[in-house]
Protein chains: 2
Amino acid sequence: MAGPLDRIDLKILRLLQNSGRLSNAELAETVGVSPATCHRRTQRLFDEGFIGEVRAMVAPRKVGKGALVMVGVVLDRSTPESFAAFERAIAKLKFVLDCHLVAGDFDYFPKIRVGDMEDFNRIHGDQLIALPGVRQTRTFFVMKEVVDNAPLDF
Amino acid sequence: MAGPLDRIDLKILRLLQNSGRLSNAELAETVGVSPATCHRRTQRLFDEGFIGEVRAMVAPRKVGKGALVMVGVVLDRSTPESFAAFERAIAKLKFVLDCHLVAGDFDYFPKIRVGDMEDFNRIHGDQLIALPGVRQTRTFFVMKEVVDNAPLDF
DNA sequence: GATGAAATCCGAGTCAC
DNA sequence: GTGACTCGGATTTCATC
């Protein structure tokens with residue numbers, strides 16, 4: 001069942017990545033198979049986890065989340081427990097869009113969306129530096145969003 | 001026409017953000033209005049740009065893009081022309097998921113997805129340091145994706 | 001083992017109110 | 001905003017290769 005993807009599966013994946021609300025009928029016609037076949041293949045892409053979820057991209061500025069900030073975080077100690085505690089805590093913060101453990105001068109790199117700089121400063125003082133094990137943070141305010149959340153190229 | 005969003009509009013937005021393929025009938029029932037009303041409201045959310053596009057989230061590892069890298073970029077000069085040239089060039093690179101102009105020790109912060117470290121090293125040497133005006137780059141390999149592309153909280 | 005044709009059922013989209 | 005109505009698509013079944 002969990003076979004590799006053929007050219008048609010890849011076409012479906014790419015189409016749904018760019019237009020997640022395409023109907024099965026439209027998909028079927030575009031990729032050149034019958035609606036029944038297309039339906040089965042699309043189902044499989046979901047069932048086997050090739051597609052996680054389908055998400056409407058909400059315009060951040062339209063819902064009062066126009067400010068984007070990246071933060072370099074350094075922890076006190078580099079122990080597994082320290083990392084785990086930090087990760088558990090930051091995963092709960094809803095304004096964190098992205099946060100990865102990296103190799104280099106920082107430990108983590110959260111990307112945060114808030115209403116404005118004032119919001120961020122409050123959150124930084126109240127919640128970020130209070131996260132478990134944080135020794136230091138370095139804030140990078142985003143002045144211009146050049147490429148934001150581009151679709152995956154595959 | 002471009003009025004503010006009421007509680008029902010927000011509900012629709014949130015539902016579509018988490019399940020972009022919900023049918024209008026399901027949406028309508030969940031938010032508690034008739035299908036006709038729901039259809040009109042949803043249409044408006046698209047027409048007025050509250051929702052940009054709907055995207056199937058493809059699992060990166062399943063399509064051979066398991067490696068994530070963040071790169072701090074410093075340009076030679078801080079002139080508008082220099083920034084513009086860099087932005088035009090990096091926006092064309094398909095493996096760049098994110099790239100923002102920031103305030104702080106770096107100028108730009110591209111986030112890049114590739115197959116593996118070897119891929120990245122090739123790309124770094126061939127394409128990143130060759131971008132117009134790049135003086136220096138600092139690479140942060142992602143060792144663990146803690147939060148990736150979380151939905152917007154609003 | 002996968003396909004497409006057909007058949008059923010349900011939702012999309014539009015109307016009048 | 002709702003209710004009804006029509007049309008077309010979603011989803012299943014089944015014969016076929």
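In what follows, every chain begins at residue 1, and chains take the letters A, B, ... in the order their sequences are listed. Computed over heavy atoms, backbone and side chain alike; hydrogens, waters and symmetry mates excluded.
Using a 4.0 Å heavy-atom distance criterion, A/A25 is classed as a sugar-phosphate-only contact. Heavy atoms of A/R41 sit under 4.0 angstrom from primed sugar atoms or phosphate atoms, though from no base atom. Among the protein residues, A/T37 comes within range of the nucleic acid bases, having at least one heavy atom under 4.0 Å from a base atom.
Residue B/N24 places its side chain closer to C/dA12 than to any other of D/dT2, C/dA12, C/dG4. Looking at the side chain of A/V33, the nearest of the listed nucleotides C/dG11, C/dG4, D/dA10 is C/dG4. Considering only the side chain of A/R40, C/dG4 comes nearest among D/dA10, C/dG4, C/dG11.
Atom-to-atom, CD of A/Q43 to C1' of D/dA10 comes out at 11 Å; the value is rounded to the nearest Å. Atom CZ of B/F46 and atom C1' of C/dA12 are 14 Å apart (whole Å). Between the P atom of C/dA2 and the CG atom of A/L5 lies a distance of 13 Å, rounded to the nearest Å. Regarding B/R7, its CZ atom lies at a distance of 14 Å from the P atom of D/dG1, rounded to whole Å. Nucleotide C/dC10 holds its C1' atom 11 Å from the CD atom of B/E26, rounded to whole Å. With rounding to whole Å, B/L27 atom CG is found 12 Å from C/dG13 atom P.
Ring geometry, A/F140 versus B/F106: the interplanar angle falls from 30° to 60°, so the pair is classed tilted.
B/D153 places no side-chain N or O within donor-acceptor distance of the main-chain N or O of A/F95, the cut-off being under 3.5 Å.
Counting heavy-atom neighbours within 6.0 Å of B/R122 CZ, excluding the residue itself, gives a total above 12.
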task: For A/L128 and A/F120, run side-chain contact (heavy atoms from CB on, under 4.5 Å): C-alpha distance rounded to whole Å, both residues' side-chain angles, the deciding distance at 0.1 Å, then the answer.
output: CA-CA 10 Å; A/L128 291 182; A/F120 177 77; 3.9 Å; yes
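Contact annotation: A/H39 side-chain N/O to D/dA10 OP1/OP2 distance is not under 4.0 Å. Checking the phosphate oxygens (OP1, OP2) of C/dA12, a side-chain nitrogen or oxygen of B/S23 falls inside 4.0 Å.
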